[in-house]
Structures are given as C-alpha cells and as structure tokens.
Protein chains: 2
Amino acid sequence: MGVNLKDIAQRAGVSLATVSNVVNGYRPVGERTRQRVQQAIDELGYSPNLGARHLRRGRTGLIALAVPELTNPYFAELAEIAIAEAAALGYTLVMENTAADRGAELALLDGSRQRIIDGLILSPVRIGREEVLARPAGNPLVLIGEGVYDVPHDHIAIDNVAASHAAIRHLVAIGRRRIAFIGATPGGDRQSAHLRVRGYREALAAAGLPYRPRLVARTDVFGRLDGMRAMRDLLALGDPPDAVFGYNDLVAIGALRALAEAGHRVPEDVAVVGIDDIEEGRFSVPTLTTIAPDKREIGRLAVRRLVARIEGAEVTGPLTVQTPFRLLRRESTGTPAA
Amino acid sequence: MGVNLKDIAQRAGVSLATVSNVVNGYRPVGERTRQRVQQAIDELGYSPNLGARHLRRGRTGLIALAVPELTNPYFAELAEIAIAEAAALGYTLVMENTAADRGAELALLDGSRQRIIDGLILSPVRIGREEVLARPAGNPLVLIGEGVYDVPHDHIAIDNVAASHAAIRHLVAIGRRRIAFIGATPGGDRQSAHLRVRGYREALAAAGLPYRPRLVARTDVFGRLDGMRAMRDLLALGDPPDAVFGYNDLVAIGALRALAEAGHRVPEDVAVVGIDDIEEGRFSVPTLTTIAPDKREIGRLAVRRLVARIEGAEVTGPLTVQTPFRLLRRESTGTPAA
DNA sequence: GAGCGGCTCTATAACGTTATACAGGTGATG
DNA sequence: CATCACCTGTATAACGTTATAGAGCCGCTC
C-alpha cells in the first residue's frame, strides 16, 4: 500500500514521467531504461493508484450493469459473461440492482453514480422512451432487453415478437389449441411484455386459433411466485388451457409448480414453454422447453459496444442489434429427456 | 459533467474550502454563507467528483464481494442483501467472480485490485489458512462461508457441523436408515465439505447408524449437474440409500432430478435435504427440505464488520460469528405443502 | 484600551497520476 | 562543419478534492 511512481523513479534513477511512460506505453522509452524501470517496478511491487489515474484521465475503468433483479438467474448468467468480457477489455463491471424500481432506474440515468462509472448497461423495466430521451448528455448508455425502443442508444435484444411466434408455433405443432400466456402487464409499463403478447396474438391468428383474453394472465413482476399464482387462476377457469407460454422461465417454473400441486400432468394435460434458458429449467421436473437467447452474444456485445463508445471508437452499423435465439424442446412439451 | 467546487465557490462568492466544508460538514460554517453556498449548489447541480475525493481521502467507497459463482442463487440472494446494506452505509459493492479458481482467489488477496477497493468480503473455496495468513497487510478482509478458519480476520458463517446434525436428525426422525451425503471433496481442498461431512458422521453415530463410505459421494464443485451425477451413481449401488443430504440446495436439486428420471418417488423412496434455502427449492417438484441460514444476517453483518474496519471503528467481540440457521421441512422429506 | 480566545472564513499544499512543452544528445544531411 | 530533425528523457502543470495553517473580526476580560 503506497508504492507510487515517485518511489519507482527514485529507485530506477529516472524521472517520474519516464516511469509513467513505461507503465502506459504512451511515449517511446529506450530499451535500457525500460528494463531498469521494469526491474524497479517488480522489486517494489508497484501497481498504479487507480483513483489518481481516474482523476487525471477522467475515466474510472468501471462500467455498470444494472438489472431489475440480481436473483433472476437469467441476469446472473448474463452478468457472469459480461464481467468476463469487461475484464478482458480492462474494465471492471459493477452490478447494480434497480429492484424493478422506477426511482432507482431514473437515478441511474442521471444520478451522481454517473460520475464514478464510465458507462452503463441498463435493462430498463419501469421507465420508457421519454425518460431515456430526457436524460442529460453524459456517459455512454447501452440498453438490453425489451424495455425501451427508438432511442439514440445502442440496444441489444432478441426479436421478442419472433420469439413468441416460435414458442406458439411449437405448441400448435404438438396439437395444443387453448394456449395461455402468463406475464402480461397493465398499461405501457413494460414494453417487453407487450411485444411478447403481440407475438402470441399474431401467432394464434396465423394458426387460425381464437384470441381469448381470459387466457392472458397479468403479473406484477416476473418471478416464480407470480407464475404460480397466475397458473392457479388459469386452472380455476371453467375451461382451463392445454398449454401455457410464460413471459420467462421463472414464470414458467412457477406454473409448473402450480400444475404439480393441482395434480395436472405436464405435458399430457398442459404443456409449458418459457423464455431465457436458465439452468434451472434444465433440471426442473419436468425439464422446461424454452426459447434460448444467446446470452453469450448479448453479454459480450453489450460490453463491447459500451467500451467502444467510452473509448470514442467509430461504431458502424445500426444502433439496435437483434441477437439470435432458438427453441429448446424439453419434457414440458413432450420431448424425450436429453 | 463538470460542475466543480470552484464553480460553486465563484457563484457563491466564497472560497473553495468553504464550499467543501458545506458539502462535508467538516468545519462549522455560518448560517448565511451556508445558505448561499447551498443555493449555488442547487442551481448549478453540483455533485462531487468521487475520483478526486478518493484520491485525497485515500478511500474509494468501493467494497467487493467475491464469490465462487455468481450463478449460484445462494450468492445472488446474499449479494442483493449485501448491496443494499453497503448502499445504506454509503458504500458501493462490487461483485467479483472467482469462478472457484485458486489463482483468482489469490489475486484478490494481494492483487492490484486491492488498490481500487477499500475492503473485501471473500467466500474462499480453493485457498486455505496458509494463503490467508501469507497475505500482505492491506485492506480489511472479511471471510464468509466455511473455507478458512483460525485466521486473524472477521469470519461470518453458520455452524456447519451443527447444521449437518440437524439435517441428519430430521432424516432419522422420519425413519431413514441409509442416509447418503453428496458433496464431499477430496483432500483439504474445501474445508466446508469436511465440516458438513463431519456433522453427518457424528450424527449418524449419535443415532446408532453405521457410517458407510460408499454412501458419501464426492463432487468437484457444487452445482445441479454434480448432484445429478452423484445421485445416479448412488442409485446404481446394489443397495441404494433411502435418504440423501446434499452439500447445498443446488446439489440436492440435481439429486431430485436424477431420482425423477430413474422413477423413484420422493420422499417415499428417497428423502432429500439441502442447505441454503434458495428460492428455487420452494418451487421445485417436490419442494425441498433445507437448512436455512440467515442470509440477511450474514450479508448485513459481513458488510457492517467490513465497513467498521475500514473506518477504523472499535470492533468488540470475537472475530468469528456463527449466525443462526433453521430446518425448513418441505415435501422432499414428507411434510405437507405450505 | 490592550490582549486574548473563539468563531468564520481563506489560502494553499498535498493526494498520484498523465499530458504538454521543452531540453539535451545523436546521427544524417547539405 | 553547421543545421536540422529526430529520438529519449525531464520538468511541470494540471485533474478536483480535503486538511492544515493561519488571517481577520468580534466581544469579552483585566
């Protein structure tokens, strides 16, 4: 604690600036002096004071990934990838928990936090296009997920309408006709649900199936408990569904639980599909059919885009990138176990 | 971006230092000047440059929580609590992923990371007492979990031997006699498993049951996949167990999956108990009986201890704190659903 | 009324780094 | 041989904050 450039400079018999140049490679340094300096660094065990560097350079080397819940495995899996990618690019990634709270999201957009991080990857839930547009100019911002569209920021997400289509097509293909959706939200609160609901409706229409509003269950948030409660309500209908498409895997897993408690067989009585491909769904009983986004691609792309913006690199191509997804058939829709 | 103390000082017609004193409350400021300064701050929208502040103060306001895997829900749930507690104390908590890698853990102990964080909460997995003792003096370190004992650092954990006792007593109480353990590790790699295995053995002995080495399954790490594989192996024994105690909930959930695939009923044929009380176990089919550590207590205590050390506060009481736990009976050991 | 102590406020030197301007030395060129 | 350009290295001024030393002012005491 406390070996600084000056100590190294003294030890190596060179100036402060030369040591800085060796460390940073900012200006050419003769081979002999470089070696002497490097030796001094190794002997004294120097590592730069990042606070000072930050002050001077105006960058902290910190980027933040703000998600609505840390405990959602999808975000944990995404974070693990993003942290590794950030480290590879020389940045430290800080996790930020908005707890799906509007105030927290707004604070992130223009709060004082901004001064300590170089850029932000945000998965918005409670804020919309207007709030993002109203944001004062500042650090680069990359959006992930489906909260906000049509803003002048990089945006990485899957094509949610297409993902819903794929899920519903699959359910139709295995003979289901009364397909429910769990995870709609009231109002314009969370656009993601809107897109997934839209895909659901479009695909029903394309299959010649009627749209039944009673089969669309609303939830406040998107956890296991929400899925379980919604499924119970659906089962209480006079004419319950023969398939369920959940907003995400957690909701779907909650639905599986409700079905088990009520004594229904999956997939024989009710088939279930989710979105996210969290590991949990590969071990649930039954295993969960899901739409698997390419988390690796999303995490890496988001970090790379952000870092590119921070470093002022030229970024070509459109702001919005739709990453690939695929349908993984598992037991909850009647595919043999892996 | 860029309103600084000087701007405020000019606007308010006072000196730089006075503004700093208003912001920090470090020295008394007259009521009239305080108001004038405060007004200037509000008008210009000032927020302190944390980099500069930290350079000057020598602290960054960042603490790190290093865990072996972000995707283990136990750590995610713990992190959510710790982040909130840190924020309440004016600190930002950074998640660090050691990926259960020895090199990563060592790097955290004395690496350059140290210079950017004020303190570290570490859940050690691959390092032992010696490595911690060999650590150069530096930032405060708080240990959580069961990796390392008898070192001059704060340590927050449950009593693992007692936790195992409780689990085994419960299984014995519901009439099980061939009780397996999944999650032992070879050598002294991870002491936690040793403690849990020890409690398992002691409790068997206390119940007058024989210790059968074949019923103790080793795993590399402690994920669902490890639990599933180990359970398959146990089922392949000529005389399979009638109960399984998993190192943690993830392992136990993997075991549940293997049992389902093999067509065994839980709890009728095999009862299952885990440790951690992750949310997943409250929704699995069947729901999972578990030893629930007080995560809130662990997370808050770890952060508070660390911050107290950072701020040089007098900390009374022993270094090692054992936090409470309780047994939650659920379906996997034959308790009626909640 | 001179001296003293308490109260506000100010000037300024750090903290450790990087970027800019500049100095010294060397080799090549006219 | 003088000039120039280059290549290395140096001195130094920031970056924005906080802590220290001290200056000015007021009222009080002897």
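Computed from a prediction, not measured in an experiment: that's the story for all the values here.
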Check your understanding: Under a 4.0 Å N-O cut-off, is there an ion pair linking Arg126(B) with Glu105(B)?
Key ->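 Looking at Arg126(B) and Glu105(B), the cut-off is not met.
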Name every donor-acceptor pair, under 3.5 Å, that has one atom in a side chain of residues 17-24 of chain B and the other anywhere in the protein, sequence neighbours excluded.
from	atom 1	to	atom 2	distance (Å)
Thr18(B)	OG1	Ser15(B)	OG	3.2
Asn21(B)	ND2	Ala17(B)	O	3.3
Asn24(B)	OD1	Arg57(B)	NH2	2.7
Asn24(B)	ND2	Ser20(B)	O	3.2

**Study point:** Asn4(A) backbone acceptor or donor facing Asp7(A) side chain under 3.5 Å
**Key:**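 Checked: pair present.
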Point to revise | Atom-to-atom span, CZ of Arg59(B) to P of dT17(D) - whole angstrom | key: 18 Å
Review point. Once you round it to whole Å, what is the distance between P of dT8(D) and CD of Gln35(A)?
Key: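 In whole Å, dT8(D) P and Gln35(A) CD are 14 Å from each other.
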Point to revise | Close side-chain approach of Leu65(A) to Ile144(A), heavy-atom, < 4.5 Å | key: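 Side-chain contact under 4.5 Å: yes.
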Check your understanding: Tell me, do Ile8(A) and Val37(A) make a side-chain contact under 4.5 Å, heavy atoms counted?
Key ->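 Of all side-chain heavy-atom pairs linking Val37(A) with Ile8(A), at least one is under 4.5 Å.
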Measuring from atom [atom1] of [X] to atom [atom2] of [Y], what distance do you get when rounded to the nearest 0.5 angstrom?
| X | Y | atom1 | atom2 | result |
| --- | --- | --- | --- | --- |
| Thr92(A) | Ile63(A) | OG1 | CD1 | 8.5 Å |
| Met95(A) | Ile83(B) | CE | CD1 | 7.0 Å |
| Arg135(A) | Leu108(A) | CZ | CG | 10.0 Å |

Review point. Reckon Val29(A) touches a base, only the sugar-phosphate, or nothing at all at heavy-atom distances under 4.0 Å?
Key: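 Since only primed, P, OP1 and OP2 atoms lie under 4.0 Å of Val29(A), the category is sugar-phosphate.
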Review point. Along nucleotides 10-16 of chain C, 5' to 3', which nucleotides get a B, which get an S, and which get a -, given that the test is a protein heavy-atom distance under 4.0 Å?
Key: BB-BBBB
Practice item. Assign each of Glu31(B) and Val23(A) to its nearest nucleotide of DNA chain C by heavy atoms, then name whichever residue's nucleotide is nearer the 5' end. Key: Glu31(B)
Mind listing the N/O atom pairs, protein and nucleotides 5-7 of chain C, below 3.5 Å?
none

Review point. Is Ser20(B) near enough to dT18(D) that one of its side-chain N or O atoms lies under 4.0 angstrom from OP1 or OP2?
Key: yes
